[in-house]
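Naming convention: chains lettered A, B, ... in sequence-line order (proteins, then strands); numbering from 1 in each chain.
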Amino acid sequence: MSQHALRGMNDIRPPDISIWHEVEKCAHEIFPRYLYQEIRTPILEDMSVFTRSIGDTTNIVEKEMYVFQDRGGKWVALRPEGTAPVVRAYIEHHGNPDEVVRYYYMGAMYRYERPQQGRFREFHQLGAEVLGISSPKLDAEVIHMVDVFFKHLGIKNAVLEINSLGCPICRPKFLRAFFDFLHKNEDKLCSDCKRRMEKNPLRALDCKNPGCDALTREGPSIHDFLCEDCEKDFDTVLETLGLLKTEYKVNPKIVRGLDYYIKTTFEFTSNALGSQNAIAGGGRYDGLVRLMGGPNVPAVGFAIGLERLVDIIKAERNLTAPVLNRKGLFFATLGEKALQKALVLAQQLRNANIPVGLDYEGKSLKSQMRKADKMGAEFVMVIGDSELEKNEAQLRNMSSSTETTISLDQILQALQSIPA
RNA sequence: GUGGGCGUAGCUCAGCUCGGUUAGAGCGCCAGGUUGUGGCCCUGGAGGUCGGGGGUUCGAAUCCCAUAGCCCACCCCA
């Protein structure tokens with residue numbers, strides 16, 4: 001244990017890596033159907049990209065960001081989330097606010113937190129942002145796309161919860177009423193919520209303490225304070241979700257941890273995880289582009305937590321044992337000449353997209369057969385002196401344990417003529 | 001930042017309560033059993049500063065202390 005990856009940072013290796021590949025492939029397949037294009041932004045940004053956007057009093061900015069000065073003295077930060085960098089890139093490259101831009105991204109994010117199940121200091125998000133459309137129908141379509149993505153991966157127990165946080169016009173009225181309510185009932189609140197009351201009262205909605213939970217359910221609801229626009233838009237979102245057959249649960253307690261969200265907010269949760277049960281979250285953030293120095297452009301986005309997603313996929317699949325289907329070929333050679341011949345033939349097969357293994361050290365045939373079996377080869381080609389003389393080899397089918405003699409010049413044809 | 005749990009082979013763990021000869025098992029890995037044939041089986045082998053450090057003791061994986069780490073939960077979030 002002399003060297004260890006940093007706390008909260010993990011190596012992603014086989015066999016898990018294949019699930020990651022699957023998830024990535026699925027994203028590249030589905031998101032472009034909705035006209036999203038991939039964007040890759042730097043992992044490191046000027047610190048202000050995040051402090052200005054996420055909100056000074058959020059946990060992320062207050063104590064979770066990896067921040068340091070580079071050698072030139074500039075304050076930089078490892079990105080703790082994906083939206084702000086995408087917005088920064090949007091402002092940098094797109095001058096026309098009438099243009100609709102749709103981006104998706106995936107990559108590592110960093111937050112200095114205490115690790116626990118489903119939460120790490122380096123984690124990966126798959127997200128998307130749409131800039132330039134204010135219609136709530138888009139909100140619904142974005143959410144629907146996430147749902148489609150999950151279904152495509154075979155995820156069954158993801159639940160969508162949705163809410164409206166109101167806008168800068170109506171939210172302050174609610175906040176005042178809610179604060180008054182908390183203040184009146186201060187003696188019933190847990191110590192954490194007493195603290196939250198002053199700083200960020202909305203957070204009390206999120207409290208899992210049974211007493212606070214029951215209390216805030218009795219209190220004023222954001223939905224009684226929504227202005228006409230917000231209420232109409234929220235109805236449209238729900239209506240459109242119905243149209244698209246996406247099941248949802250309205251939950252007035254969905255409060256997001258970043259300050260820039262307005263109106264529609266949503267989370268997908270799963271009971272297959274531990275206490276970190278959110279697998280995706282997002283919402284509308286119409287004011288952010290302006291706030292970051294760009295034009296006044298409406299926007300919607302979301303992010304999916306990939307570690308958690310992979311966890312769920314593993315949990316849901318664990319019931320069925322994986323089936324090993326053999327593929328590829330292993331050259332079992334006897335003698336230096338045969339090995340040389342195999343090295344050359346191996347390249348031909350690899351060029352034809354066939355996985356090929358061989359032994360370089362002149363091990364016993366038994367040993368080579370074991371290697372072939374372990375790599376999961378469908379065929380083994382045995383080449384020895386007698387075969388070399390006749391320019392042929394024994395082709396062994398590892399599933400049926402049958403062997404045929406084939407010409408060394410016709411390996412490719414022979415392999416390709418066998419139905420997979 | 002707060003609380004609880006855990007550290008012995010690549011992996012999963014036994015041994016620790018009641019300190020005592022070369023620290024074990026299963027799986028995995030390598031080799032042999034058939035000097036030209038895999039899986040099953042049999043035999044053998046490699047692999048461990050018992051997290052690192054300090055202390056008690058004739059003697060510490062085992063008892064004590066303090067450290068770094070891992071896990072889980074709170075906080076918060078993906």
Side-chain angles (χ1 to χ4, degrees), chain A residues 1-10 13 54 57-64 80-83 106-127 146 158 190-193 195-196 199-200 202-203 206-209 254-258 267-270 273-282 301-312 324 326 330 332-335 338 357 361-387 393-403:
Chain A
M1 305 297 164
S2 53
Q3 285 287 300
H4 200 278
L6 287 175
R7 157 168 258 197
M9 310 217 174
N10 303 108
R13 301 176 299 148
I54 299 173
T57 64
T58 56
N59 251 279
I60 294 177
V61 168
E62 275 191 335
K63 49 189 189 185
E64 293 175 1
E81 60 107 30
T83 298
M106 48 182 111
M109 309 291 162
Y110 301 84
R111 291 183 201 172
Y112 192 86
E113 300 179 89
R114 286 284 277 268
Q116 69 187 70
Q117 187 177 94
R119 185 218 279 165
F120 309 99
R121 289 185 171 179
E122 179 184 71
F123 61 103
H124 297 77
Q125 286 189 334
L126 164 58
V146 177
C190 69
S191 54
D192 283 333
C193 281
R195 186 168 45 78
R196 292 183 186 125
K199 230 170 91 177
N200 198 345
L202 277 185
R203 295 248 72 86
D206 208 23
C207 186
K208 284 153 199 149
N209 179 301
I254 295 293
V255 180
R256 315 246 54 244
L258 302 94
E267 280 179 13
F268 282 84
T269 58
S270 166
L273 268 14
S275 69
Q276 307 301 316
N277 63 353
I279 52 178
F302 67 85
I304 299 167
L306 291 185
E307 279 78 2
R308 293 178 189 180
L309 185 64
V310 169
D311 260 8
I312 292 171
L324 174 95
R326 296 187 165 278
F330 191 94
T333 60
L334 295 156
E361 299 168 62
K363 298 268 174 117
S364 69
L365 185 60
K366 182 193 201 71
S367 171
Q368 295 190 62
M369 291 302 290
R370 282 180 175 158
K371 274 195 175 69
D373 187 52
K374 203 174 310 149
M375 99 166 207
E378 189 181 6
F379 298 101
V380 170
M381 183 152 293
V382 183
I383 310 178
D385 292 337
S386 55
E387 283 87 354
Q394 300 296 319
L395 183 67
R396 181 181 181 85
N397 183 314
M398 292 296 274
S399 305
S400 62
S401 299
T402 54
E403 270 178 37

A.B. asks: Start at the 5' end of RNA chain B and walk down; is the nucleotide closest to A:Ser399 or to A:Met9 reached first?
C.D. replies: A:Ser399

A.B. asks: Can you say whether a donor on the side chain of A:Ser386 sits under 3.5 Å from an acceptor on the base of B:G36, or the other way round?
C.D. replies: yes

A.B. asks: Once you round to the nearest 0.5 Å, how far does CE of A:Met109 lie from CD of A:Glu64?
C.D. replies: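 Reported value, rounded in 0.5 Å steps: 14.5 Å.
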
A.B. asks: Rounding to an integer number of angstrom, what distance separates B:A60 and B:G19 when you compare their C1' atoms?
C.D. replies: 6 Å

A.B. asks: Can you check the distance between B:G33 and B:G39, where both ends of the measurement are the P atom (answer in whole Å)?
C.D. replies: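 B:G33 and B:G39 have their P atoms separated by 13 Å.
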
A.B. asks: What is the minimum heavy-atom distance between A:Ala393 and A:Ile383, and which atoms define it?
C.D. replies: CB-CG1, 3.9 Å

A.B. asks: How would you label the contact of A:Gln117 with the nucleic acid (heavy atoms, under 4.0 Å): base, sugar-phosphate, or nothing?
C.D. replies: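 Contact class for A:Gln117: sugar-phosphate only.
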
A.B. asks: Using atom P of each nucleotide, how far apart are B:U62 and B:G51 to the nearest Å?
C.D. replies: 8 Å

A.B. asks: Working note: A:Phe379 + A:Met398, criterion side-chain contact (heavy atoms from CB on, under 4.5 Å); need CA distance, chi angles, decisive distance, verdict.
C.D. replies: CA-CA 5 Å; A:Phe379 298 101; A:Met398 292 296 274; 5.8 Å; no

A.B. asks: Measuring only the C1' atom in each nucleotide, how far is B:C63 from B:G1? A whole number of Å is fine.
C.D. replies: 33 Å

A.B. asks: Sticking with atom C1', work out how far B:C6 lies from B:C16, rounded to a whole angstrom.
C.D. replies: 15 Å

A.B. asks: Using the C1' atom on both, measure B:A68 against B:G7 and round to a whole Å.
C.D. replies: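 Looking at atom C1' only, B:A68 and B:G7 are 12 Å apart.
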
A.B. asks: Over how many whole Å does the gap from A:Glu113 atom CD to B:C72 atom P extend?
C.D. replies: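 Distance check: A:Glu113 CD to B:C72 P gives 14 Å.
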
A.B. asks: So which heavy atom on A:Leu334 is nearest to which on A:Asp385, and how close?
C.D. replies: O-OD1, 4.1 Å

A.B. asks: Using the P atoms only, state how far B:G26 lies from B:C41, rounded to an integer number of Å.
C.D. replies: 13 Å

A.B. asks: Which value, in whole Å, describes the distance between the C1' atoms of nucleotides B:C13 and B:G4?
C.D. replies: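 Each nucleotide's C1' atom is 22 Å from the other's.
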
A.B. asks: Does A:Gly118 reach a base, just sugar-phosphate, or nothing at all? Heavy atoms under 4.0 Å.
C.D. replies: base

